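These numbers come from a predicted model, not from an experiment. Below, read A as the first sequence line, B as the second, and so on, with proteins coming before strands; counting in each chain starts at 1.
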There are 2 protein chains.
Amino acid sequence: MYLKCTSCRILHHCLWDSLSRTLLEGLLEHSLVSTYEPKEFIFHERDEAYGLYVLCQGLVKLIKSAQNNKQMIVALVHPGQLLGVTFALNGGLFPMSAQAVDLSTVLFLHRKHFDDLLQRDPSLSLLLLSYSNEQLGQTLNTLIDLVALNVEQRLAGALLQFAESAANHTNSGLVCRLPLRRAELADYIGTTPETTMRVLGKLKRENVIKIERRMITFLDIQRLRELAHSA
Amino acid sequence: MYLKCTSCRILHHCLWDSLSRTLLEGLLEHSLVSTYEPKEFIFHERDEAYGLYVLCQGLVKLIKSAQNNKQMIVALVHPGQLLGVTFALNGGLFPMSAQAVDLSTVLFLHRKHFDDLLQRDPSLSLLLLSYSNEQLGQTLNTLIDLVALNVEQRLAGALLQFAESAANHTNSGLVCRLPLRRAELADYIGTTPETTMRVLGKLKRENVIKIERRMITFLDIQRLRELAHSA
DNA sequence: CGAGCGCTTGAGCGTCCTCAAGGTTCGTGG
DNA sequence: CCACGAACCTTGAGGACGCTCAAGCGCTCG
């Protein structure tokens, strides 16, 4: 289900701010848009990287799997961000899979058009380089958190991320929709659903958070920060 | 202690194979060389990245630290490889520290000269991009190993790396020098020195390896592969 | 209204960490 | 050349954190 996307506004923001107008329009002209249902894969680990993906709407998780049917959510991708960074250039393979969490609209640019753009504006590759480095830095943070922090600290950290990205104030505190299900949350912080539940339960009992369905209320965000950062 | 390095041969290999001769010579002309004793730092986490580093001789570890004086060896850098990838371009901060393991010779290229090179040959940035992606892929592998594998599997994997990179055949099996001390080995596979010792002891008792001082003999490398890959 | 999936909680146990102590190697200076 | 201290290596005992397996409940959607 491919459509031309000439009216997509998301590209005018975020990463692409520093690009020239001609580049942006070239991107809009040659790229293809498709939508993905929740749990649908955009690409799989070890797929050949035929091009570049940009998320327009929705939420996508990047996951890496191991043999023993364990997996880890390596990153969450928000609208305006790239998927699969630039493995497309190597003609290489994706090191992880991309799977829609919510209904998502994704823009795809084939490698050949991408190469054209790079020819026209060499500064594009520098932008991508800084993006790739950003990704690397994020992954290193995930890595060190995994060895140095316990589950409660990691969970607190993840919840704080959600709070910062999409929370609304109400009279009882910050409120936002949990973007991930319990099992996904577990994969995100590198633990099991059961352990995630137990720690969530502890936070609820201590009146740090409140959860109803997919909505989470941050009753004591200061306490949550203490839990995330201290020993 | 800076010296001009016009005779360094290492740059003619490895990463730089695909660069033009003029670029290579520009690199040799403008870069500075210094040597580092074991345990000496080349740069620290959160340092401003003033330029690019290339390892000519020796061995360097990239480490990331957490509050609770835990740390993790994020990568080992061998001669011909880059340190700190290209955080230099952002004018950003290093996300990890670089510390010499063995006596090491390191080439430094200031950002301003690096920018000149990028101007002259835009394909350089693509090369760096693929290098950065390679790093990211490696880090993702470390990450998934950490959540999906136990200590024995990770240790077996690390030992196999050493065997592949620098082993000599003898009549009793493959032999090589362990590049890391016990505590470093522990930081490399994300555990404690004590646990590392216990698993090493188990492997010795089972006649999979033999260790004397810093020399390790691989008595049954096939068994080691089984331990690394299976559940 | 029923089936399936997601959520929640419990019991038991295994892996790995912590703390502690003793032995060995290495470097340095007398 | 030897002696000493420091860093490193090695092993033990004990315990905590988080995983596994299992079961019941609730929501949601066909």
Salt bridge check, R223(B) against E226(B): does any charged N sit closer than 4.0 Å to a carboxylate O? yes

Spell out, as yes or no, whether a donor-acceptor pair under 3.5 Å connects the side chain of N150(B) to the backbone of E152(B). yes

Any side-chain heavy-atom pair from T196(A) and I189(A) closer than 4.5 angstrom? yes

When rounded to whole Å, the CD to P distance for the pair E212(B) and dC8(D) reads 21 Å

Spacing of L149(A) atom CG relative to dG18(D) atom P, expressed in whole Å: 10 Å

Run through Y36(B), Y50(B), Y53(B) and flag the one making a ring-ring contact (aromatic ring centres under 6.0 Å, His included) with F43(B). Y53(B)

Using the side-chain heavy atoms of M197(B), tell me which of these nucleotides is nearest: dT8(C), dT10(D), dT20(D). dT10(D)

Let me know the distance between CD1 of I189(A) and C1' of dG18(D), rounded to the nearest Å. 11 Å

Contact between I63(B) and M96(B) at the side-chain level, heavy atoms closer than 4.5 Å - yes or no? no

Spacing of L185(B) atom CG relative to dT10(D) atom C1', expressed in whole Å: 14 Å

Just the table, please: protein N/O against nucleotides 25-30 of chain D N/O, every pair under 3.5 Å.
residue, atom, partner, partner atom, Å
dT28(D), OP1, R213(A), NH1, 2.6
dT28(D), OP1, R213(A), NH2, 3.1

Check whether S104(B) reaches the backbone of D102(B) with its side chain - one donor and one acceptor, N or O, closer than 3.5 Å. yes

Tell me whether the OP1 or OP2 atom of dT9(C) has a side-chain N or O from K204(A) closer than 4.0 Å. no

Could you check whether any side-chain N or O of K64(B) sits under 3.5 Å from a backbone N or O of P95(B), counting only pairs where one atom can act as donor and the other as acceptor? yes

Closest to the T191(B) side chain: dT8(C), dC16(C), dG6(C)? dC16(C)

Please check if the side chain of E40(B) supplies one atom and the backbone of E37(B) the other of a donor-acceptor pair under 3.5 Å. yes

Just by distance, do the side chain of R214(B) and the backbone of R177(B) share a donor-acceptor pair under 3.5 Å? no

Pairs under 3.5 angstrom, nitrogen or oxygen only, protein versus nucleotides 11-14 of chain C, please.
residue, atom, partner, partner atom, Å
dA11(C), N6, R198(A), NH2, 3.4

Using whole Å, report how far CD of E152(A) lies from P of dC17(D). 10 Å

I want to check one thing: is the phosphate of dC17(C), taken as OP1 and OP2, less than 4.0 Å away from some side-chain N or O of T192(B)? yes

Which residue lies more 5' along DNA chain D, comparing G190(A) with I211(B) via nearest heavy atoms: I211(B)

Nearest-nucleotide pick for T195(B), side chain only, options being dT20(D), dC17(C), dG18(D): dC17(C)

Does T105(A) offer a backbone N or O that forms a donor-acceptor pair with the side chain of T35(A) under 3.5 Å? no

From CG of L180(A) over to P of dG6(C), roughly how many Å is that when rounded to an integer? 13 Å

Heavy-atom closest pair, residues L93(A) and R46(A): CD2-O, 3.8 Å

E194(A) with R198(A): basic N within carboxylate O range, under 4.0 Å: no

So does K202(B) get a side-chain nitrogen or oxygen closer than 4.0 Å to the phosphate oxygens (OP1/OP2) of dC16(C)? no

Nucleotide dC19(C), atom P - distance to CD of E194(B) in whole Å: 10 Å

Between dC7(C) atom C1' and R181(A) atom CZ, what is the distance in whole Å? 10 Å

Rounded to 10°, the angle between the first-five-pair and last-five-pair axes of the helix from dC1(C)-dG30(D) to dG30(C)-dC1(D) is 40°

